[in-house]
Protein chains: 2
Amino acid sequence: MGLRERKKATTRRALQRAAVRLAVERGSEHVTVDDIAAAADVSKRTFFNYFSSKEEAIVGDGPPRPDDEARAVFVAHGPTGDLLDDLKIFLFSPLADSDAEDLGQRLADVHERKRLAQREPHLVPRVMAAFADMERYVGESVAERLGEDPDDIRPQIVASLGITAMRFSMRRLQTHAGADGSADARDDVSELRALFDQAFDALRRTFRPAA
Amino acid sequence: MGLRERKKATTRRALQRAAVRLAVERGSEHVTVDDIAAAADVSKRTFFNYFSSKEEAIVGDGPPRPDDEARAVFVAHGPTGDLLDDLKIFLFSPLADSDAEDLGQRLADVHERKRLAQREPHLVPRVMAAFADMERYVGESVAERLGEDPDDIRPQIVASLGITAMRFSMRRLQTHAGADGSADARDDVSELRALFDQAFDALRRTFRPAA
DNA sequence: ACGCATTAATTCACTTTGCGCATTTTTTCA
DNA sequence: TGAAAAAATGCGCAAAGTGAATTAATGCGT
């Protein structure tokens, strides 16, 4: 990754973290874009080059998407051939791939945002919207795998079950990370993994694969 | 209902319809709150007494919620005792109850908004957020019925299946109503009913009720 | 029918958002 | 090293959204 892209990513993260930090400190109503930009040492205008709204910076990107490769594997009935198993692997792949440090950061962020959303319920719809978008993406992938139309009901059912498992896991996750993060990131990811397994076990018990 | 409340409802509807109409005509980016307020013959400030943002007026209220009575019946394992059957009745109750004229209006609105959302995809997350809120409500109701915690996975699974059925039905619904609405409102509601039945049939085939 | 209390609507002034545009700075690559 | 490409900035402005004071409309008791 070139210097350019790294700097962009840095700026973006700086803005995002400043946004979240200030929102946690003062409540998001009492944070202006100017404040955020100042805290990240960029101009207000630059802020809007990265985010189209204040809330977007505070709420963040939503669940990480599987990349094209993972999607291709899933669509091709891989890696195991079982729908639920493959779905689980598909959904978890962005976490399985990324390195521990990065992951620690992200889980810490998730945790901070969770507290924020609890304190400011008007943020919740935004978060949900991000999951909904993910659900659409998963639904399309499932449809392709099954050779059905994305508007058919079965892909939608499967996708919504998968997303439900995901939401469940993330909601249950109690991050014990300090602000620094990476220390027990591995613990967190394995805890998340366990919750994920548990959720999919429940799915398997209530789901009857074929008609 | 007193004159006061009726007038409030009228104003609210006027604002909402003006918002949707103008957004359809010009695209929502090219509609200002001043325009909407002017079209509804109220001041801008009054608009913000009814809606906290422009998008809220355009997107609308989301799926109608079952009332407390329907919820009580559902929680008490009524009316049939079968989870899926009762869920279907529970979710459909707001439509089954309301009178034909009102219903016609609302379905016409749904249709107009659907076209709007197709043309302006950035509105979709908002709509989805409304469904997500509904899903939470349903999840709590299911949890109460089953005597489980709302944070447990089973209620969430059931709720997400129900909402998926709902979304599926509404997405598929092809409203053939003219702008006036109420003419074939009954057709529409029965078509929606049929789609709903179809979706729940699919749920029943993929859902295994108990562990 | 009258006046009084409530609640809704309006006006005004103000802060903040969000973005188009021209300019400057930084990064890339030949 | 020196353009070319891309990012950051400063400026200006239309629109969003809000608090506070004022005016109008409605409900209610007598």
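Lettering of chains follows the sequences in order, A, B, ..., and the numbering in each one begins at 1.
Contact check on A/D133 versus A/R65 returns a salt bridge, with a Lys/Arg side-chain nitrogen under 4.0 Å from an Asp/Glu carboxylate oxygen. A salt bridge links A/R193 with A/D197: the distance from a Lys NZ or Arg NE/NH1/NH2 to an Asp or Glu carboxylate oxygen falls below 4.0 Å. Between B/R172 and A/D152 there is a salt bridge, since a side-chain N of the basic residue sits under 4.0 Å from a carboxylate O of the acidic one. Of the charged side-chain nitrogens involved, none lies within less than 4.0 Å of a carboxylate oxygen, so that A/E112 and A/R21 do not count as a salt-bridged pair.
A/E55 has its side chain out of reach of A/P125: every pair of non-hydrogen atoms, C-beta onward, lies at least 4.5 Å apart. Contact annotation: the side chain of A/R12 never approaches that of A/L15 to less than 4.5 Å [non-hydrogen atoms, C-beta and beyond].
At a cut-off of 3.5 Å, with distance as the only test, a side-chain donor of A/E120 or A/S28 sits close to an acceptor on the other residue. No side-chain N or O of B/N49 forms a donor-acceptor pair with one of B/T46 less than 3.5 Å apart.
Rounded to an integer number of Å, the gap from B/H122 NE2 to C/dG18 P is 13 Å. Distance A/D35 CG to C/dT16 P: 8 Å, rounded to the nearest Å. With rounding to whole Å, A/D34 atom CG is found 13 Å from D/dC11 atom C1'. Spacing between atom CD1 of B/I36 and atom C1' of D/dA15 amounts to 12 Å, rounded to whole angstrom units. The CG-P distance, from A/D41 to C/dT26, rounds to 14 Å in whole Å. When rounded to the nearest whole Å, the span between CG of B/L15 and P of D/dA16 equals 14 Å.
Expressed to the nearest 0.5 Å, how far CZ of A/F131 lies from CD of B/E135 amounts to 11.0 Å. Note that the CD atom of B/E29 and the NE2 atom of B/H122 stand 4.5 Å from one another [nearest 0.5 Å].
Two residues, B/T32 and B/R45, neighbour DNA chain D, and the one matched to the more 5' nucleotide by heavy-atom proximity is B/T32.
Between A/F90 and A/F74, the two ring planes are parallel [angle under 30°; tilted spans 30° to 60°].
Comparing D/dA15, D/dG17, C/dT17 by their nearest atom to the side chain of B/K44 picks out D/dG17. Of the listed nucleotides (D/dT9, C/dA9, D/dG12), C/dA9 has the atom at the smallest distance from the side chain of B/T11.
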Check nucleotides 27-30 of chain D for protein N or O atoms closer than 3.5 Å to its own N or O atoms and list the pairs.
| unit_1 | atom_1 | unit_2 | atom_2 | d |
| --- | --- | --- | --- | --- |
| D/dG27 | OP1 | B/L3 | N | 3.0 |
| D/dG27 | OP1 | B/R4 | N | 2.7 |
| D/dG27 | O4' | B/R4 | NH1 | 3.3 |

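Between C/dA8 and B/K8, a contact under 4.0 Å exists linking OP1 or OP2 to a side-chain N or O.
Within residues 46-57 of chain A, the residues approached by DNA chain D to less than 4.0 Å at the level of any non-hydrogen atom are A/T46, A/N49, A/Y50, in residue-number order.
Within the helix from C/dA1-D/dT30 to C/dA30-D/dT1, the inter-axis angle between the opening and closing five-pair segments is 30°, rounded to 10°.
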